[in-house]
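What follows is a short report on a single structure.
In what follows, chains carry the letters A, B, and so on, assigned in the order in which the sequence lines appear, proteins first and then strands, with residues in each chain numbered from 1. Just so you know, these numbers use all the heavy atoms, side chains as well, and skip hydrogens, waters and symmetry mates.
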Amino acid sequence: MTKKVRVRFAPSPTGGLHLGGVRTVLFNYLFAKKHNGDFIVRIEDTDQARYVAGAEEYIFDCLEWCGLHPNESVAHGGPYAPYRQSERKDSYKKYAEQLIKDGHAYYAFDTTEELEAMREKLKAKGSNSLQYDHRIRMEMNNSLRLLPEETQQLLDTNTPYVIRIKINPNESVSFTDMIRGDINFDTNYVDDKVLLKADGMPTYHLAVVVDDYLMKISHAFRGEEWLPSAPVHILLWKYLFGLHEMPQWAHLPLILKPDGNGKLSKRDGDRLGFPVYAMDWKDPKTSEITKGFKELGFLPEAFINLLAVLGWNDGSEQEIFTMEELIDKFSIERVHKGGAKFDFEKAKWFNHEWIKKLAVDSYMMTVKQLFVQKGVKNIDEGKLTKVIELVKDRCTLLTDFWEQGHFFFTPPKTFDEASIQPKWDEGKKEFFNVLMSKCADVQIWDAVAIENVFKTLATEKKLKIGELQMIFRIILVGTKMGPQVFAIAETIGKQETTDRINNALHHFYF
RNA sequence: GCCGCGUUGGUCAAGGGGUUAAGACGCCUCCCUUUCACGGAGGAAUCACGGGUUCGAAUCCCGUACGUGGUACCA
């Protein structure tokens, strides 16, 4: 029988949730759902110095917005609680000590200064490696070099220590990555990583292995930046629980900056004018707010969609996927090996597609909120829905609805008179005066009826319909923009239409 | 420096021995619209380089270059 699929996302609560992080969650989530497995969120807060208040809650808010619901987590509970590593602190030490007992780890008493001195010395010698490894460990202050009594005495006198893994040289560590295939490491280049810190907390390396084992994780997907430390994790699995228990690994490609080189970072977003975090993140120390996709006007469906196809595709030409389709079609083997540069233009295109695709109801309230923020009072939701329907084709971001739809709720304060003036004369003026009274007679106020009245009158007066329509548009909107002019008139209503004509006629200075 | 991973148009990418090397974003042109968009029709633009293997290489192998990640008592 194959193991039940259990995957985890293991963020450390240190700040905003990066889009690369969300993609890692997404791939984990899709894989879990596809195989009827569990998706676990485990908080890796083993570095107390980097702890940021509110970051944990923020991560769950982001996941909620994205529609990525954990089966087990700090917030959702579960049979393997606690899901916060700081609360599991005591469980790691015994594994570290077990490793020492088995000869796979050792106590190291070196101070920060001593470590620095060691690196300086190696540098001076022109060494290729500044690592704490098999080459230099017998020169350091650790239980490998010290006599057992000496070590015991240091321990007895509460000398601060860390526990390091003992990597044997001249061995080969290999594993099969679900994306990259067979990967080999020569242990000569692997260092004796710290497993347990002086404060008693485990490092990521120990914690990830212990918790993946304890939480029965079957597949471990993480960013490519973890690949170099994979041999440490594999050795730990071998020493502690046996390789047959080890989850299957997949190292996801990185998301890179659109210009230059390197991993995409929050700073690139600030610099190039696009979001990197899923939602607005307010730094509790500086109160500085970093914009998120959500607040910038992205739909969660679009955000998920664009992330899914950044480094993955199903081999067909399909680009727009619902979550259900993604779950159905996702396969980790089809994830790319190479990193992908993030393209904000394409990201916006996805959002545009989703604005057109989704039922208006699903985001009407978000748009309403935007209009309320802009100061529009007493918004009729039926009218707003109609407005959205009318202008959604020309909105790329949810925030564009203001620009594209504000004039349905607030009459224009200024007019594009430069466009009207060359066409303006007494005949036009009279046309609009008569139009007002004709409008009053229209029984069923809809676009077709208005167009009818408008065109009949224009023909009667022998005026160019195109010119009149342009002027009518500017009268209603203020500028040359928006959907079909008669649809605008219909939507704002009969009274408002005549009011705006009347008002504009008094405004024109020519 | 050393170690790992990678490399198809500007970007995302399909294709994994024989293809006119898909498609999408963006860009350009035209059509539609006396608005701005949407939409439609076209267009420019790609297998990093050098060696092999092969009748035949974008595809397989080896180098090189370039990119990227790691090299912390951070994750």
Open item on the list: Under 6.0 Å between ring centres: does that hold for Phe27(A) and Trp312(A)?
Closed with: no
Open item on the list: Is there, by distance only and without an angle test, a donor paired with an acceptor across the side chain of Lys193(A) and the base of A72(B) below 3.5 Å?
Closed with: no
- [ ] Would you jot down, in residue-number order, the residues of residues 41-52 of chain A having a non-hydrogen atom under 4.0 Å from RNA chain B?
- [x] Glu44(A), Thr46(A), Asp47(A), Arg50(A)
Task: Within the 6.0 Å centroid threshold, strictly below: Phe431(A) and Phe454(A) - done: yes
TODO: Quick one: look up who C47(B) pairs with, Watson-Crick or G-U, both distances under 3.5 Å, and put none if it's unpaired.
DONE: none
Open item on the list: The test is side chain to side chain contact (heavy atoms under 4.5 Å, CB included); show your working for Phe298(A) and Leu398(A) and say whether it passes.
Closed with: CA-CA 6 Å; Phe298(A) 274 80; Leu398(A) 253 22; over 6 Å; no
- [ ] Rounded off to whole Å, could you give me the CZ-to-P distance for the Phe344(A) and U11(B) pair?
- [x] 19 Å
- [ ] Mind checking Asp110(A) for me? I need base, sugar-phosphate or nothing, with any heavy atom below 4.0 Å counting as a touch.
- [x] base
Task: Separation between the C1' atoms of A21(B) and A58(B), rounded to whole Å - done: 8 Å
- [ ] With a 3.5 angstrom cut-off on both distances, give the Watson-Crick or G-U wobble partner of A75(B), or none if there isn't one.
- [x] none
- [ ] Name the closest nucleotide to the Trp349(A) side chain, picking from A24(B), U34(B), C5(B).
- [x] A24(B)
- [ ] Just compare A22(B), C2(B), C73(B) and give me whichever is closest to any side-chain atom of Glu317(A).
- [x] A22(B)
Task: Among U34(B), A75(B), C2(B), the one nearest Tyr189(A) by side-chain distance - done: C2(B)
Open item on the list: Taking any heavy-atom pair under 4.0 Å as a contact, classify Ala198(A): base, sugar-phosphate, or nothing.
Closed with: base
Task: Whole-angstrom distance between U59(B) and A48(B), as gauged at atom C1' - done: 15 Å
Open item on the list: Does Lys428(A) qualify as a cation-pi partner of Trp424(A), given the criterion of NZ or CZ under 6.0 Å from the six-membered ring centre and within 45 degrees of its axis?
Closed with: no
Open item on the list: What contact category does Val194(A) fall into here, base, sugar-phosphate, or nothing, at under 4.0 angstrom with non-hydrogen atoms?
Closed with: sugar-phosphate
- [ ] For C5(B), measure the glycosidic angle (O4'-C1'-N9-C4 for a purine, O4'-C1'-N1-C2 for a pyrimidine) and name it syn if it falls within 90° of 0, otherwise anti.
- [x] anti
Open item on the list: Classify Glu345(A) by what it touches in the nucleic acid, base, sugar-phosphate, or nothing, heavy-atom distance under 4.0 Å.
Closed with: sugar-phosphate
Open item on the list: Mind checking if Val309(A) touches a base, just sugar-phosphate, or nothing, with heavy atoms under 4.0 Å?
Closed with: sugar-phosphate
